[in-house]
Amino acid sequence: DFNRGNWNPSRFPMQERWKNYYNAIRRIHVFLGNSNLIPESDSNDRARKTRMIGEAHGLRAFYYFQLFKMFGDIPLIKTSLDPGGDQIILDRSPISEIVNYIEEDLATAQSLLPARHSLGEFGRFTATAARALRSRVRLYYASPLFNPEQDASRWVDAEIATRDALNFALENNFALS
């Protein structure tokens with residue numbers, strides 16, 4: 001669209017992403033808020049419920065990362081908001097708070113999800129994906145765009161997260177090809 005000159009103030013693709021990502025985050029909040037209603041009649045149900053909760057945390061982290069990557073400081077919404085409620089205007093949260101929230105979600109996802117799924121469930125969020133996403137979040141957080149003070153410790157954290165992701169992937173038979 002950009003190369004054909006189709007972007008204009010009324011037709012800008014990132015505008016839809018903001019709305020779509022926050023809609024997805026709201027659905028995840030609703031799911032997590034009601035996850036106690038998922039039946040657990042046997043161990044398969046418990047495992048499925050655990051997987052779904054882990055995936056929800058991983059996806060919420062992913063959506064917040066996408067928003068943070070595109071827009072920088074964004075409103076950090078930690079609960080489901082009532083569409084007709086009083087909270088219409090929300091302040092943007094500092095980058096450090098957003099990154100911490102993303103990392104909390106990724107830590108939860110890592111603890112609840114397996115390193116890899118069977119081929120029949122290929123593409124689902126995994127502990128390996130959570131570690132890889134954490135690495136990516138840390139790299140963006142260390143970059144000059146989000147680190148104008150050039151805090152070297154952020155680069156060290158990014159390196160540690162990246163090594164952790166690569167080592168975990170290799171330990172679980174993932175390879176770069």
Side-chain angles (χ1 to χ4, degrees), residues 13-36 49-81 87 89-117 121 123-172 174 176:
M14 287 175 67
Q15 184 175 345
E16 289 297 311
R17 290 184 182 173
W18 176 277
K19 180 184 76 169
N20 292 341
Y21 289 152
Y22 273 112
N23 280 338
I25 289 167
R26 183 179 190 286
R27 287 191 302 272
I28 291 168
H29 288 316
V30 170
F31 169 77
L32 290 173
N34 292 296
S35 63
N36 60 322
K49 178 179 176 177
T50 299
R51 188 200 76 224
M52 290 169 64
I53 292 170
E55 289 174 347
H57 282 279
L59 287 170
R60 184 170 59 186
F62 172 76
Y63 292 129
Y64 269 122
F65 172 61
Q66 293 299 320
L67 287 164
F68 144 69
K69 184 171 70 168
M70 288 187 275
F71 301 105
D73 294 340
I74 55 171
L76 184 59
I77 303 170
K78 298 182 180 183
T79 60
S80 176
L81 301 178
Q87 296 172 313
I89 299 174
L90 301 169
D91 293 330
R92 292 176 179 249
S93 300
I95 296 291
S96 59
E97 190 177 335
I98 296 161
V99 168
N100 288 338
Y101 191 72
I102 290 171
E103 289 204 351
E104 287 172 15
D105 264 347
L106 291 174
T108 301
Q110 283 174 215
S111 70
L112 298 176
L113 295 172
R116 68 181 322 138
H117 290 294
E121 295 187 338
R124 289 190 173 279
F125 211 90
T126 62
T128 308
R131 280 181 159 83
L133 183 55
R134 181 175 184 272
S135 167
R136 189 88 166 172
V137 168
R138 280 287 162 188
L139 285 168
Y140 270 85
Y141 188 52
S143 72
L145 182 61
F146 299 108
N147 187 13
E149 314 83 42
Q150 292 299 313
D151 181 357
S153 68
R154 290 189 190 181
W155 286 108
V156 171
D157 292 343
E159 179 190 10
I160 291 168
T162 302
R163 284 185 193 277
D164 175 58
L166 286 170
N167 290 336
F168 188 80
L170 290 172
E171 289 167 9
N172 289 285
F174 287 96
L176 299 174

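Positions are given from 1, in the same order as the sequence printed here.
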Set of residues satisfying side chain to side chain contact (heavy atoms under 4.5 Å, CB included) with respect to [X], sequence neighbours excluded:
| X | result |
| --- | --- |
| Asn34 | Val30, Leu37 |
| Val156 | Ile160 |
| Ala169 | Thr128, Phe174 |
| Ser111 | none |

Could you grab the distance from atom [atom1] of [X] to atom [atom2] of [Y], nearest 0.5 Å is fine?
| X | Y | atom1 | atom2 | value |
| --- | --- | --- | --- | --- |
| Ile95 | Leu76 | CD1 | CG | 10.5 Å |
| Asp105 | Phe62 | CG | CZ | 13.5 Å |
| Arg92 | Phe71 | CZ | CZ | 8.0 Å |
| Met52 | Phe31 | CE | CZ | 4.0 Å |

(message) Restricting to side chain to side chain donor-acceptor pair (under 3.5 Å), what partner residues turn up for Ser135, sequence neighbours left out?
(response)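 Ser135 satisfies side chain to side chain donor-acceptor pair (under 3.5 Å) with Thr162 only.
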
(message) Which residues pass the side chain to side chain donor-acceptor pair (under 3.5 Å) test with Arg163, not counting sequence neighbours?
(response)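 Testing Arg163 for side chain to side chain donor-acceptor pair (under 3.5 Å), a comparison that skips the adjacent residues, returns Glu159.
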
(message) Filter on salt bridge (charged side-chain N to carboxylate O under 4.0 Å, His left out), then keep only pairs touching residues 123-132, sequence neighbours left out; what's left?
(response)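 Counting only pairs at least two positions apart or across chains, the salt bridge (charged side-chain N to carboxylate O under 4.0 Å, His left out) contacts touching residues 123-132 are Glu55-Arg124, Arg131-Asp164.
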
(request) Write out all pairs satisfying salt bridge (charged side-chain N to carboxylate O under 4.0 Å, His left out) with one or both partners inside residues 64-78, taking only residues at least two apart or from two chains. (result)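 Residue pairs with at least one partner in residues 64-78: there are none.
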
(message) Between Gln66 and Arg17, does the side chain to side chain contact (heavy atoms under 4.5 Å, CB included) criterion hold? Intermediate values first, please.
(response) CA-CA 9 Å; Gln66 293 299 320; Arg17 290 184 182 173; over 6 Å; no

(message) Between Tyr22 and Ile74, is there a side-chain heavy-atom distance shorter than 4.5 Å?
(response)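 Yes. Closest side-chain heavy atoms under 4.5 Å.
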
(request) With sequence neighbours excluded, give me every ring pair (Phe, Tyr, Trp, His ring centres under 6.0 Å) pair touching residues 143-171. (result)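 Output for this query lists Phe68-Phe146.
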
(request) Output all residues satisfying salt bridge (charged side-chain N to carboxylate O under 4.0 Å, His left out) with Arg27, sequence neighbours left out; order by chain, then residue number. (result)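 With sequence neighbours excluded, Arg27 shows a salt bridge (charged side-chain N to carboxylate O under 4.0 Å, His left out) to no residue whatsoever.
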
(request) Output every pair passing side chain to side chain donor-acceptor pair (under 3.5 Å) with a member in residues 93-104, not counting sequence neighbours, ordered by first then second residue. (result)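 Listed by first then second residue: Arg60-Tyr101, Glu103-Arg138.
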
(request) Give a yes or no on whether Arg26 atom CZ has more than 12 heavy-atom contacts from other residues, nucleotides or ligands under 6.0 Å away. (result)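 Buried by this count: over 12 neighbours within 6.0 Å.
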
(request) Can you sort out the partners of Phe125 under ring-ring contact (aromatic ring centres under 6.0 Å, His included), two or more places apart, ordered by chain and number? (result)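 In terms of ring-ring contact (aromatic ring centres under 6.0 Å, His included), with neighbours along the sequence ignored, Phe125 is linked to no residue.
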
Minimum heavy-atom distance between [X] and [Y], given as atom pair plus value:
| X | Y | value |
| --- | --- | --- |
| Leu133 | Gly58 | CD2-O, 4.4 Å |
| His29 | Ser80 | CB-N, 3.6 Å |
| Ala24 | Tyr63 | CB-CE1, 3.4 Å |

